[in-house]
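Letters A, B, ... mirror the listed sequences (proteins, then strands); counts begin at 1.
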Amino acid sequence: MSDAIRHRLTPLEKSERRLGFAMLAPAFLLLAAVVLYPIAELIRNSFHFNHLAQPWMGTPFVGFENYVKALGDDRFHEAVLHTVLYILVTVPGAVVIGLGLALLANQPFRVKWPVRLGLLLPWALPLVFAGLIFRWFFEYNQGIANAMLRGLGLEPLNWLTSPGLAFFAICLAIIWKSSSFVALVLLAGLQTIPKSFYEAAEVDGATKWQQFREITLPMLRPAIFVALIFRTITAIQTFDIPYAMTNGGPGNSTETLAMYIHKTTVDFLDLGYGSALAVLMFIVSAVITSLYLRHTRRDPGRH
Amino acid sequence: MTSRFTRRMAARLGLAAGLALAGAAYAQAQTTLRIFTGGQQRPDVMRQIVDGYMKANPTVKVEVEVGGATSEQQQQYLNTVLASKDSALDLILIDVIRPAQWAAAQWAEPLDAYLGAEKDAIMARYLPAYRAANIVNGKVIALPYFADAQFLYYRKDLLEKHGLQPPKTWDELKAAAQKIMAAEGNANLRGFETAGAPIEGTVCTYLVPLWGSGEDMLKDGKLNLAGDAAKKPFQLWADLKAANVTPPNLAEIPTDRIRQNMQAGNLIFGMTWGYVWNRLQNDADSTVKGKIGVVPLPGFTADKQATCIGGWQVAVSAFSKNKAEAAKLARYLSSPEVAKQQAILASHLPVFPGVYTDAEVLKANPWFEQALPVVQSARSRPVTPRYTEVSEIMRTNMNAFLAGTKTGDQALGDMTNRLGAIFR
Amino acid sequence: MAGIEIAKVVKAYGSVPVIHGIDLSVRDGEFVVLVGPSGCGKSTLLRMIAGLESVTGGTIRIGDRVVNDLPPRDRDIAMVFQDYALYPHRTVAENVGFGLRMRGADAMTIEKKVKEAAEILQITHLLDRKPGQLSGGQRQRVAMGRAIVRDPKVFLFDEPLSNLDAQLRAEMRVEIKKLHQRFGTTIIYVTHDQVEAMTLADRIAILKAGHVEQFATPDEVYRRPRSTFVARFIGSPSMNIVPARIAPDATTITLDGDAAVPAPASFARARGRDVLLGLRAEHLGLAGPDGVPARTVIVEPLGSDTLALMQIGRVEMTGRFPPAAPLRAGGDVTLRLDLEQAHLFDPETGLAIV
Amino acid sequence: MKLLRNRRAMIILAGLIVAANGFFPALWILFTSFKTEVELMRVPITIIPQAPTIENYIRVFVDQPILRFLFNSVVVAVLSTLLCVTCSALAAYALVRLRLPGAGIILSVLLAIAMFPLISMMVPLFQVMRDLGLLNTWWALIFPHAVLSMPVCTLVLISFFQDIPRDLENAAMIDGCTRLGALWHVVIPLTAPGVFTAGILAFVNSWDEFLLALTLSPRVASRTLPVGITLYQGEFSFPWPIISAALIVAIVPICIVIAIFQERVVSGLTSGGVKG
């Protein structure tokens, strides 16, 4: 009997559901039109040998060979390691800085646009150019970083040609660029927190820090989650900034997974292997994202 | 009142006439060819050239499509278009390092059939390095459009001032640089720069000294980096760095920084491409006008001097729907007349030795006289369908070495390992 | 205007049933209050009438139309929500006029009707404000304005007064009653407050765990509760319900094995049975020496009268006494139990024994 | 009084920090755009241009049809933003409010799309656009750009839609709205900051996008700004002063967009009272 209840949808529910799917339709139609075929191709390619510079080899099916090759590829390992390091540094970095910027920008300014603009400019600057600008800042002779060191009477540093410093410089650029996006999302979140909460806390004698911990942070959780998940996905795909700043150098010491995929497919024309790398990268992203999603689904803290 | 009316009337008539003309041109043009060129290969000059061609061949309409400025961007686009076997492009300007790859990928239509019996005669007219670069496995893959090479740029004024001759060996270069730097006492003045960033030019930073020792990277298609000669480039750059002739940040120097430093008067010797001469000579802000000379790059001994070639070729797309017409246009673009036109309009180095000595060309580019022997001594980077991988291996290892993250032996070892997998 | 016919209505979330077959027939123009403790399904039932919840089984008719599958907008109803649900980005006038606008009324009509409604509710001076600038009572009036302006067949109220303080609540209760008298529209009103239910309703439906316990006039549910549940729920203070036993000859009733009190003749209907005896506070009184001895536990003077908790043998009962009654906590008194007015319930089922 | 003034000062300081963080590279670009290359190469470096020149700006407008690029970028960014926000809002609403079976899976699929590296999809993407006949039209960029931003927009909108009390929509539906009507009349206006945030995200993503623009829309007539700007650079050379000037030209429209929208957003916010 209870089964009968469960499985019968009333016409009203049916029409709600129909409406729901109809509302999802535009998004999925767009996705299907644009990326369905490319993704299918990508996955198909990853199981084939397909090297455009060696067309005489044909495109035979090779099963998991490309994947096996990746597992034994030192350069792939290094690229993964670098990517993970970038994620570990720049994601929390951007969230912390972004949160700071959002809090600062959420003050009752009389003139708001310079602040808004300052918040958005890093993000409005195309990635490649942000990378190039920071490369210039860290340039040995004409860079601001070394100019300051010289001004302090210190020896100039080889920012972009020693692996540790280059990593630092790149992280700085990425954080600068991406904290803007984080700040934007968090600012929007901050503005939905009712003032009355703070007034109540104020009355209760909470310090600013306590208000931040007890009201702002919990209320910001959904926004922080959105920012985190996207910052992580984009961090996994880190490409333009290290590409512009060091092109992966010195050696391959700042090369990321996305850069290696780019090189493999665009420069080396090895579509098969490149596709396998891309699928691996996708799997890693998917795992991380699903962890995020599961974490938030468990989260009872909403409202 | 009337004047406004007549003006409007005239404008209408003009528009009508324009439409009529356009219509007529459309009716006549039976073939449309689209040629792809990078933003930096002077598309404006290309347009002038094809305008001339269209006047002579009224049944052909040629559109010039300008791609991204850098060869990276062009490659990104071209790879996508050609991997999709798209017929949108008929002719494509490609870098001299590409013909082998294009031949292998079957993106370029071999031109032998279109050249017919004249093939050998036509190919014989080019500088030997370009003839070699464009014939892959006996097939003509592309026709040279204009030449380029790395030169040793030097400060004529400073060398003369200190009684020095342009160096023929690396030792002479080092000695000259040290002497001038010591004597000038200018903290900003550097002895020598070459590309050290992980970019294509850095491949030559390894190859030029290798050639300068009399060896080559490949011998009969097999990797030839086992001998002592393979270590020499590393030793050379380590030596120059230790002697303070090269700057500490060599590993971050891209091609154009050499030109900028030279132009600012901060560099005695620079190893870089042909475009630099014009800039040094003609830019309003150049501090070294008339003070620059070019010679071939040094060797370890004077008889082993060698230079990297560059330059651009016209290939016919294998997916073109008008291959015969395209091949005709390619032949035109790769003719001495066009080479001369380019030399005068764009200072592009000709691919025909004879054009260098043409009076009009020399009048526009007096330095071509010095450039000719350099270009004639120029050599090709390894010819292989997987050149991009080869290049990438060489430049990253060279860059790591220059940055000091790998020793010469490590860099050479890694290089040999990975190159070995390609040249099996 | 229209009546509402609810027949065998069932609601389940997944396989969990929350409403098990409710029948309710609301007459045209009637003011019906759904009352019950939280979780009894009263709000769910209201939302099913509104079309905000789907109907798992049974039928709901408004007028002579089965509305089960009609979306809310087609049911010609208006609803006032517990938290008012005013559109914060619109002014009061826009809020009130929104429903008319959505139904394609022209601007003139909207303005006229909004004005009328505002005058009735005395919110004319607020028309240009946004909800954020209003007090709770004002918002309540706006929410009602939004409902009446459309002149719907049925008004639905979902605990509309629960966010207001006691005084405002009493005030608004009167307003709502006035509105009903003025428009005569059928109203279904959900509350958990029995005072609201008693004061407002023509008929009250008392819900318990997904079914209707009793559906009758306030007087009826007060005087003839169908079960201990209803008896306890309606009336303040709650009805005293104590275990008792009626003698086999029905002449006496024994409260929890203790004092035997003479039973009225009507108790014969339960002779010899264990029962639950229900007695409202006002049916306890002070008596002479022949009364039932009791001890005063707590005294609550209310001004108009005084409530006192009495210990009678082993049971406690609350009584309502005149303000001047000589009561003090801990004092001994004798009581008169007006058993003619008492209710008898079956201890097993809790149902009234009639 | 003193406390008040201090508070004012603190607020201004906060604003300055945010502005400085965002502006310093932009200022560097601005200054560089008025320098000559020789000055840029000078050691020690200069910050403020010593001999300002507008030559670079002249070159920007003379060398390339930058106004055309600007126009293309605006059209592509605006249309892809509208498309993206519309699709995302509908999807987000369906996922939040209409108890759909498998909503979690649908959301995951949507997010997964964002995780495929674009670089490795260029060839098939090109083929799709060619087969649709869209190459070198604005649409070749509008559709992929909209897809690119859709996951983030959807997630942002979901987080905002969840905050709207259901009864507001119920009230609207009883007042005569359809679901879509309630979304349009009530939910969207109330989540204006979220919709704006999503819109700005989509707009800037499109405005910055380089790789697709380079490949799918390579002809001058449909080329967008980021690709156009790289045309000022040479095979070897990177003329910072001119490119800086071009970047300034590219950034200004974004600033205008922000300035225009910012008032609207702020007013959307202060009307508030959703939870009050």
Side-chain angles (χ1 to χ4, degrees), chain A residues 16-17 19-20 23-24 26-27 30-31 33-35 37-39 41-42 101 104-105 107 109 112-124 126-129 133 141-142 147 184-185 188 191-192 194 196 222-223 226 230 233 237 258 261-262 265 274-275 278 281-282 285-286 289 293, chain D residues 11 14-15 17-19 21-23 25-26 28-29 41 43-45 87-88 90-91 93-94 98 100 106 108 111-117 119-121 124-125 128 143-144 146-147 150 152 155-156 159 163 179 193-194 197 200 204 208 210 226 247 251 254-255 258-259 262 266 269 275-276:
Chain A
E16 282 265 286
R17 188 166 287 189
L19 176 67
M23 286 172 87
L24 285 171
L30 197 56
L31 286 181
V34 177
V35 289
Y37 173 68
I39 288 177
E41 267 299 290
L42 182 71
L101 288 175
L104 289 174
Q107 301 299 320
F109 299 109
K112 288 201 170 63
W113 66 265
V115 182
R116 252 343 118 83
L117 212 54
L119 200 63
L120 272 163
L121 266 178
W123 193 49
L127 265 176
V128 190
F129 294 102
I133 290 168
N141 281 316
Q142 280 85 17
L184 197 73
V185 173
Q191 288 169 335
T192 60
S196 57
V226 172
F230 276 93
I233 291 176
Q237 305 198 2
I261 293 173
H262 180 260
T265 47
S275 300
M281 179 161 141
F282 164 73
S285 317
T289 314
L293 282 179
Chain D
I11 287 172
I17 293 172
V18 174
N21 174 67
F23 277 99
W28 185 80
I29 299 172
M41 293 305 298
V43 182
I45 59 173
C87 291
S88 306
L90 290 174
Y93 187 79
L98 307 174
L100 290 179
I106 293 169
S108 306
L111 285 176
I113 304 295
M115 295 182 286
F116 273 100
I119 312 155
S120 42
M121 297 198 290
L125 198 53
V128 168
F143 288 130
V147 168
M150 207 149 67
V152 71
L155 216 57
V156 165
S159 79
D163 285 344
R179 272 276 176 195
T197 305
I200 264 280
V204 177
D208 284 1
F210 181 80
L247 277 174
I251 292 173
I254 291 248
C255 298
I258 294 165
Q262 104 108 13
V266 171
L269 290 178
K275 290 171 178 170

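Of the listed residues A:V115, A:L31, A:L184, the one with more heavy-atom pairs under 4.5 angstrom with chain D than any other is A:L31. Annotation: maximal heavy-atom pairing with chain A below 4.5 Å, among D:F143, D:F116, D:F23, occurs at D:F116. Comparing A:A105, A:A258, A:A33, A:A27 by heavy-atom pairs within less than 4.5 Å of chain D, the highest count is held by A:A27. In terms of heavy-atom pairs under 4.5 Å with chain D, the best-connected choice from A:I233, A:T265, A:V128 is A:I233. When each of D:L111, D:N21, D:V128 is scored by its heavy-atom pairs under 4.5 Å with chain A, the top score falls to D:N21. Interface remark: of the candidates A:L121, A:L119, A:I261, A:L121 forms the most heavy-atom pairs closer than 4.5 Å to chain D.
A:I133 touches chain D through backbone and side chain together, each having a heavy atom under 4.5 Å away. Only the side chain of D:I251 comes within less than 4.5 Å of a heavy atom of chain A; its backbone N, CA, C and O stay farther away. Looking at D:I45, the atoms closer than 4.5 Å to chain A (heavy atoms on both sides) all sit in the side chain, from C-beta outward. Contacts of D:A112 with chain A are made by both backbone and side-chain atoms, with heavy-atom separations under 4.5 Å. Looking at D:I106, the atoms closer than 4.5 Å to chain A (heavy atoms on both sides) sit in the backbone and in the side chain alike. Interface residue D:I11: backbone and side-chain heavy atoms are both found under 4.5 Å from chain A. For A:Q237, the part lying near chain D is the side chain, with the backbone staying farther off; criterion is any non-hydrogen pair under 4.5 Å. Heavy-atom distances place the side chain of A:E41, and not its backbone, under 4.5 Å from chain D.
Counting only heavy atoms from C-beta outward, the side chains of A:V185 and D:V152 never approach each other to under 4.5 Å. Between D:L155 and A:F230, some side-chain heavy-atom pair lies under the 4.5 Å cut-off. Counting heavy atoms from C-beta outward, D:P124 and A:L42 have side chains that stay 4.5 Å or more apart.
Taking each heavy atom of A:V34 and D:P144 in turn, the nearest pair found is CG1-CA, 3.9 Å. When every heavy atom of A:M23 is checked against every heavy atom of D:L90, the shortest pair comes out as O-CB, 3.3 Å. Nearest heavy-atom pair, D:C87 versus A:P26, reported as atom, atom and distance to 0.1 Å: SG-CB, 3.7 Å. Closest of all the heavy-atom pairs between D:A94 and A:L24 is CB-CG, 4.1 Å.
Expressed to the nearest 0.5 Å, how far CZ of A:R17 lies from CG of D:L100 amounts to 7.0 Å. For the atom pair CZ of A:F129 and CD1 of D:I29, the computed distance is 9.0 Å after rounding to the nearest 0.5 Å.
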